[in-house]
J.: 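Structure in structure tokens, see below.
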Amino acid sequence: QVQLAESGGGLVRPGGSLRLSCAASGSGFSINVMGWYRQAPGKQREMVATITSVGTTNYQDSVKGRFNISRDNAKNTVYLQMNSLKPEDTAVYYCNAKINLYSRGGVFNYWGQGTQVTVSS
């Protein structure tokens, strides 16, 4: 059984920063792509940033230059450093991982429970 545990959300003023973390726990797996998605009230969930196992990154246009995704493969952890936050960044942020389960011989999509990020003065 693999679980994703997120931390680091909260309330921040416009222009402020937050760092999100997501750690995968369990055994008998490896992780391909890890990423962060977000869902604002009344909107669909959208990709924020992703990172492959070799460090190739992809960002939504609206966060380029402000957010930075990184990962520590030894700790099965992905991070999202968010700078210059704007009110429109307010959403529930979800960690995602494409996990290769050795016992089942396939890649499966896992989600964290979500962490609230609120940007407001």
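Residue numbers start at 1 and run along the sequence shown.
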J.: Check whether more than 12 heavy atoms from other residues, nucleotides or ligands sit under 6.0 Å from atom CD of Gln3, and answer yes or no.
T.: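 No, CD of Gln3 has 12 or fewer neighbouring heavy atoms, counting only those of other groups under 6.0 Å.
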
J.: Side chains of residues 80-87: which donor-acceptor pairs under 3.5 Å do they make with residues two or more places apart or in other chains?
T.:
residue, atom, partner, partner atom, Å
Gln81, NE2, Asn83, OD1, 2.9
Asn83, OD1, Ser17, OG, 2.9

J.: Just list the side-chain donor-acceptor pairs under 3.5 Å for residues 104-114, sequence neighbours left out, or say none.
T.:
residue, atom, partner, partner atom, Å
Asn109, OD1, Asn96, ND2, 2.8
Asn109, OD1, Lys98, NZ, 3.3

J.: Under a 3.5 Å distance rule, please check whether Thr90 uses its side chain to pair with a backbone N or O of Val119 as donor and acceptor.
T.: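 Yes, the answer is positive, given that a donor and an acceptor are paired below the 3.5 Å cut-off.
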
J.: Would you name the heavy atoms of Cys95 and Glu6 that are closest together and state the gap between them?
T.: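 Where Cys95 meets Glu6 most closely, the heavy atoms are N-OE2, 2.5 Å.
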
J.: What distance separates Arg38 CZ from Arg45 CZ, expressed to the nearest 0.5 Å?
T.: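 So the CZ of Arg38 and the CZ of Arg45 are separated by 13.0 Å.
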
J.: For the atom pair OH (Tyr37) and OH (Tyr93), what is the distance rounded to the nearest 0.5 Å?
T.: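 Tyr37 atom OH to Tyr93 atom OH measures 14.0 Å (nearest 0.5 Å).
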
J.: I'd like to know if the side chain of Arg71 reaches the main chain of Thr52, judged simply by a donor and an acceptor atom lying under 3.5 Å from each other, with no hydrogens or angles considered.
T.: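 The answer is yes, because a donor-acceptor pair under 3.5 Å joins these two groups.
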
J.: Please report the shortest heavy-atom distance between Phe67 and Val48, naming the atom on each side.
T.: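 Scanning both residues, the minimum pair turns out to be CD2-CG1, 3.7 Å.
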
J.: Please answer: with hydrophobic residues joined when any side-chain heavy atoms are less than 4.5 Å apart, are Met47 and Val92 in the same cluster?
T.: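 Per the 4.5 Å side-chain linkage, Met47 and Val92 are co-clustered.
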
J.: Restricting to non-hydrogen atoms, name the atom on Ser21 and the atom on Trp36 that form the minimum distance, rounded to 0.1 Å.
T.: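 Smallest interatomic distance, heavy atoms only, reads O-CH2, 3.6 Å.
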
J.: List the atom of Ala40, the atom of Ala91, and the distance in Å for their closest heavy-atom pair.
T.: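 Looking at all heavy atoms of both residues, the shortest contact is N-CB, 3.8 Å.
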
J.: For Val117 versus Gly9, what's the shortest heavy-atom pair and its separation?
T.: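 Smallest heavy-atom distance, with atoms named: CG2-CA, 4.2 Å.
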
J.: What is the distance from atom OG1 of Thr50 to atom CG of Asn32, rounded to the nearest 0.5 Å?
T.: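 Between atom OG1 of Thr50 and atom CG of Asn32 there are 12.0 Å.
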
J.: Hydrophobic clustering (ILVMFWY, side-chain heavy atoms < 4.5 Å, transitive) - are Tyr59 and Tyr79 grouped together?
T.: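 Each belongs to a different hydrophobic cluster.
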
J.: Could you see if Ile51 belongs to whatever hydrophobic cluster contains Val2? Use Ile, Leu, Val, Met, Phe, Trp, Tyr and a side-chain cutoff under 4.5 Å.
T.: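 Yes; Val2 is reachable from Ile51 via cluster members.
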
J.: Is it possible for you to say whether Ile99 and Tyr94 belong to one hydrophobic cluster, with membership spreading through side-chain heavy-atom contacts below 4.5 Å?
T.: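 No, because Ile99 and Tyr94 fall into different hydrophobic clusters, even though each may have its own neighbours under 4.5 Å.
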
J.: How about CD on Gln44, more than 12 heavy atoms from neighbouring residues, nucleotides or ligands closer than 6.0 Å, or not?
T.: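 12 or below, so no.
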
J.: Would you compute the distance between atom CG of Asp89 and atom OG of Ser120 and round it to the nearest 0.5 angstrom?
T.: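 Between atom CG of Asp89 and atom OG of Ser120 there are 12.5 Å.
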
J.: Which atoms form the tightest heavy-atom contact between Leu4 and Cys22, and what is the distance?
T.: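 Shortest heavy-atom separation between Leu4 and Cys22 comes out as CB-SG, 3.9 Å.
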
J.: Heavy-atom distance under 4.5 Å between the side chains of Asn76 and Ser25, does that happen here?
T.: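 Sidechains of Ser25 and Asn76: no contact.
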
